[in-house]
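Here the structure comes first, spelled out in structure tokens, and everything after it is commentary.
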Amino acid sequence: MQNSEEAKKRITELTEQINQHNYNYYSLDNPTISDYEFDKLLEELIYLEKAHPSLLSSNSPSQRVGGTITKTFNSVKHQYPMLSLSNSYNEADLIDFDRKVKDGLQLNQTDLFGTNTIEYVCELKFDGLSIGLTYENGFLKQAITRGDGVQGDDVTVNAKTIKSIPLQLKGDFPALFEIRGEIFMPKKVFEQINLEREDIGEAPLANPRNAASGTMKMQDSAVVAKRNLDCYLYYLLGENIPFSNHYDNLLKAKTWGFKISKETKRCFGIEDVLKFINYWDKERHQLPFEIDGIVIKVNNYDQQRQLGFTAKSPRWAIAYKFKAEQVSTLLEEITYQVGRTGAITPVANLKPVALAGTIVKRASLHNADIIEKLDVRVRDTVFVEKGGEIIPKIISVDLTKRPPGLAPTKYIEDCPECGSKLKRKDNEALHYCLNEYNCSPQVVGKIEHFVSRKAMNIDSLGGETIEQLYKAGLIKNYSDLYDLTKELLLPLERMAEKSARNLLDGINKSKDVPFERVLFAIGIRHVGETTAKKIARKVKSLERLKLLTKEELLEIDEVGDTIAESILAFFKNENQLEIIKRLTSAGIQFNLSEEQLSASTDKLSGKSIVISGVFNKYSRDQLKNFIEQHGGKNVGSISAKTTFVLAGENMGPEKLKKAQSLGIPLITEDDFLEMIK
């Protein structure tokens, strides 16, 4: 055990190293050590801070993992009002803006692109959550959301989990200043979260913007940390700012540790601005995050001060908004879907209309709050938009076309399938049917999840057959599948001898499915495929999992308060325990096999591996299992953090090109098998 002085010195060294590596990776996109080496540094820091709690700083890199619970977010007044920008939607607006800027600065309007050109800075308009970060003596002091522009919410605890927001600065920064930016959710993170939500039977998030905003208001900062939010900074405020212009201050802020968009450009005159906008109107879809326009600012601070502000916005800046494609159509009916978790999703059934290259017939209305906010009614003419949405959404109602006497929409009170009273849970927007063992969509949905490819993989049992078995009274839950016989199946319509045999063979084969997939299959709410694997490999058996306390559950990687509470509730349910008992009797694997236990190693610990191509000896899924079995991490796309690519025949040309450009090693199937032998 190190003494206090030695520990203090080492904690300082580790903090500086980790902060530098975070900056290299998140701001410069140029990591200089592997994930494994980085994790070792962080582990050492956490160990020392636990051994010497008096040396733990609130701005330590160890605090980025979260864990603090915030019951309420205090409202704080902005030192500098956070005004919104005026919007423009066409080139004429921008040319008019340039004219007004010149008038305000008393410059001659010689010609459109004459000698009195203004120096502007053009920035991508990130589609996320505006944030103001205050730094004092180089440390993050406070993070405040926009709110109403005069005051916002203090979300400092959650902001500290975002790795691109520096906790401690380096270089010659002012003693006190504020920097503003946008917190956003990258597209890949958003897509992955929605895949996981679908895995666990929850409705997908609507768009990355709402997902980022909702995440920053979560009470558990550990959950925020797992959402992998990002942040670009774009405006400096304070008394001792180094330069007298916006662009140079952004470049300087980058040297202090801030993530500044490399796409930001200094433009000379409105013609340059228009070229920048036209370029990004076409190229924006290639970005790894959503933008909804371009922000144009006068670069010179003296000119900004001379131009001043209106009551709502600065006269020296404007936002150009890209047009989101939208159409109007008739709302013919609102129906309500019941998911396998009992969640009720209202759906707008529309008169078919072409939008963004597809025919749209339906749009999600999300929940009762959205219906009330839009005041949407059946037979209304509604405006539908796709934009960056995963599914189309209704953005407003054309009140000029509303027929007289339309009654407001009254959200249903009873389940549309089983008639049970709906309940809205605390802090949730959705209504739920709690009749999970007798409500047909929930029962069928749970069984469909149980037999799905990533779960028990009973591919001979499709949705139609499950419906048929359920309606015939042969199955009421997924444990009933293991009581089916040929004699019970043959009387069913379209069930011949061969079909029955294939179905029973598939069910019997599922008894060999490993524990980690069984744990995913039984459908514990919030426990997705990845989390199930981590839990299974930690606890080794379902019996052990049933005995864990909440505190013990929280020690498992990927398990936070919500998942822990869900697991505890699952094993308190008598119906569920009876189902588990019957599955155990049927021979389902509720333990890690001896082979799994003996074959697990840490040979690939800390390694991020991408699989690409076609392989001869094993399938891609088998190779992915080998990677996880030996402590490695399967990654979908190549980046500077990739350790190597497990490359088969016909590897994707784009992946090959990227791997070569980043110097990522390519490993053959034989070399990989030798590596883990």
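In what follows, every heavy atom counts, from backbone to side chain, and hydrogens, waters and symmetry copies are set aside. Keep in mind the model is a prediction, meaning the values are calculated, not measured.
- Under a 3.5 Å cut-off, the side chain of Ser75 and the backbone N or O of Asp153 do not form any donor-acceptor pair.
- For Lys141, the NZ atom is loosely surrounded, since the number of other residues' heavy atoms within 6.0 Å does not exceed 12.
- Every side-chain contact (heavy atoms from CB on, under 4.5 Å) that Lys8 has, sequence neighbours left out, goes to Leu55.
- A salt bridge links Arg10 with Glu13: the distance from a Lys NZ or Arg NE/NH1/NH2 to an Asp or Glu carboxylate oxygen falls below 4.0 Å.
- Listed here is the closest heavy atom pair of Ser62 and Leu45: N-CD2, 4.1 Å.
- Using a 4.0 Å cut-off between charged side-chain N and carboxylate O, Arg284 and Asp292 make no salt bridge.
- Between Phe73 and Asn158 there is a side-chain heavy-atom pair separated by less than 4.5 Å.
- Of the possible donor and acceptor atoms, none in the side chain of Ser608 sits under 3.5 Å from a partner among the backbone N and O of Lys633.
- Looking only at side-chain heavy atoms (C-beta outward), Lys454 and Arg517 stay at 4.5 Å or farther from each other.
- Minimum interatomic distance between Ser612 and Met651 (heavy atoms only, all atoms of both residues): OG-CG, 3.3 Å.
- Here the CG atom belonging to Leu236 is positioned 5.5 Å from the OH atom belonging to Tyr301, to the nearest 0.5 angstrom.
- Salt-bridge check for Glu43 with Lys40: passed, with a basic side-chain N closer than 4.0 Å to an acidic carboxylate O.
- Under the salt bridge (Lys or Arg N to Asp or Glu O under 4.0 Å) criterion, Glu16 pairs with no residue, sequence neighbours left out.
- Few gaps surround CG on Asp148; more than 12 heavy atoms of other groups in view lie less than 6.0 Å from it.
- Side-chain atoms of Thr32 and His21, non-hydrogen and from C-beta on, do get closer than 4.5 Å to each other.
- Taking the side chain as every heavy atom from C-beta outward, Val150 and Pro81 never approach each other to under 4.5 Å.
- Phe177 is linked by a ring-ring contact (aromatic ring centres under 6.0 Å, His included) to Tyr135, Trp256, counting only residues two or more places apart in sequence or in another chain.
- The main-chain N or O of Lys624 is found under 3.5 Å from a side-chain atom of Asn634 such that the two form a donor-acceptor pair.
- Counted within 6.0 Å of NZ on Lys9, heavy atoms from surrounding residues, nucleotides or ligands total 12 or fewer; the atom is thus considered open.
- Atom CD of Glu283 sits in a crowded spot, with more than 12 heavy atoms from other residues, nucleotides or ligands closer than 6.0 Å.
- For NZ of Lys538, the number of neighbouring non-hydrogen atoms (other residues, nucleotides, ligands) closer than 6.0 Å is 12 at most.
- Looking at residues two or more places apart in sequence or on another chain, you find a side-chain contact (heavy atoms from CB on, under 4.5 Å) between Ala532 and Leu519, Phe520, Val527.
- What you find for His78 and Gly149 is that their closest heavy atoms are CD2-O, 3.4 Å.
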Handout entry: side-chain contact (heavy atoms from CB on, under 4.5 Å) evaluation trace for Leu548 with Ile567
Key = CA-CA 10 Å; Leu548 294 186; Ile567 292 171; over 6 Å; no

Exercise for the section: Dump the intermediate steps for side-chain contact (heavy atoms from CB on, under 4.5 Å) on Tyr23 and Lys254, then the final yes or no. Expected result: CA-CA 10 Å; Tyr23 175 66; Lys254 186 173 183 178; 3.8 Å; yes

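- Interatomic distance, Leu592 CG to Glu516 CD, rounded to the nearest 0.5 Å: 7.0 Å.
- Tyr235 pairs by the ring-ring contact (aromatic ring centres under 6.0 Å, His included) definition with His246, Trp316, not counting sequence neighbours.
- Judged as a salt bridge (Lys or Arg N to Asp or Glu O under 4.0 Å), and not counting sequence neighbours, Arg146 has no contacts.
- Side-chain contact, Ser57 with Asn59: no donor N or O sits under 3.5 Å from an acceptor N or O.
- At least one side-chain heavy atom of Phe672 sits less than 4.5 Å from a side-chain heavy atom of Leu604.
- Sorted pairs that involve residues 149-168 and meet ring pair (Phe, Tyr, Trp, His ring centres under 6.0 Å), not counting sequence neighbours, are lacking altogether.
- Atom-to-atom distance recorded for Thr642:OG1 and Lys655:NZ is 9.5 Å, nearest 0.5 angstrom.
- Partners of Ala211 by side-chain contact (heavy atoms from CB on, under 4.5 Å), not counting sequence neighbours, listed by chain and number: Met185, Phe190, Leu205.
- The closest side-chain heavy-atom distance from Leu124 to Leu287 is below 4.5 Å.
- Inter-residue side-chain proximity for Gln142 and Asp154 is flagged as met; some heavy-atom pair is nearer than 4.5 Å.
- For the side-chain hydrogen bond (donor to acceptor under 3.5 Å, both in side chains) test, no residue two or more places apart in sequence or in another chain qualifies with Gln286.
- With hydrogens and angles ignored, the 3.5 Å screen pairs a side-chain donor or acceptor of Glu182 with a backbone N or O of Gly128.
- Salt bridge status for Lys297 with Glu123: present, with a side-chain N to carboxylate O gap under 4.0 Å.
- With sequence neighbours excluded, no residue satisfies salt bridge (Lys or Arg N to Asp or Glu O under 4.0 Å) with Lys607.
- Judged as a ring-ring contact (aromatic ring centres under 6.0 Å, His included), and not counting sequence neighbours, the contacts of Tyr232 are Phe126, Phe184, Phe289.
- Between Asn207 atom CG and Asn194 atom CG the span is 10.0 Å, to the nearest 0.5 Å.
- Taking CZ of Arg537 as the start and CD1 of Ile556 as the end, the distance is 13.5 Å to the nearest 0.5 Å.
- By the salt bridge (Lys or Arg N to Asp or Glu O under 4.0 Å) test, Lys546 pairs with Glu543, sequence neighbours left out.
- Side chains of Gln20 and Lys170: a donor on one and an acceptor on the other come within 3.5 Å.
- Remark: the backbone N or O of Phe243 is paired with a side-chain donor or acceptor of Asn249 at under 3.5 angstrom.
- The shortest non-hydrogen separation linking Ala564 to Val559 is N-CG1, 3.9 Å.
- In this structure, Thr145 contributes its side chain and Gly152 its backbone to no donor-acceptor pair below 3.5 Å.
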Practice task
Please step through side-chain contact (heavy atoms from CB on, under 4.5 Å) for the pair Val155 and Ile131, ending with a clear verdict.
Solution key: CA-CA 9 Å; Val155 293; Ile131 196 77; 3.6 Å; yes

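- Scanning all heavy atoms of the two residues, the minimum distance from Ser130 to Met82 falls at CB-SD, 4.3 Å.
- A donor-acceptor contact closer than 3.5 angstrom is absent between the side chains of Thr15 and Gln168.
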Practice task
Kindly determine whether Leu41 and Ile33 satisfy side-chain contact (heavy atoms from CB on, under 4.5 Å), including the steps that lead there.
Solution key: CA-CA 11 Å; Leu41 293 176; Ile33 62 171; 4.1 Å; yes

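- Using a 4.5 Å heavy-atom cutoff, the side chains of Ile563 and Leu554 are not in contact.
- Nearest heavy-atom pair, Met675 versus Ile667, reported as atom, atom and distance to 0.1 Å: CE-CG2, 4.3 Å.
- Residue Lys641 qualifies as enclosed at atom NZ: its count of foreign heavy atoms under 6.0 Å is above 12.
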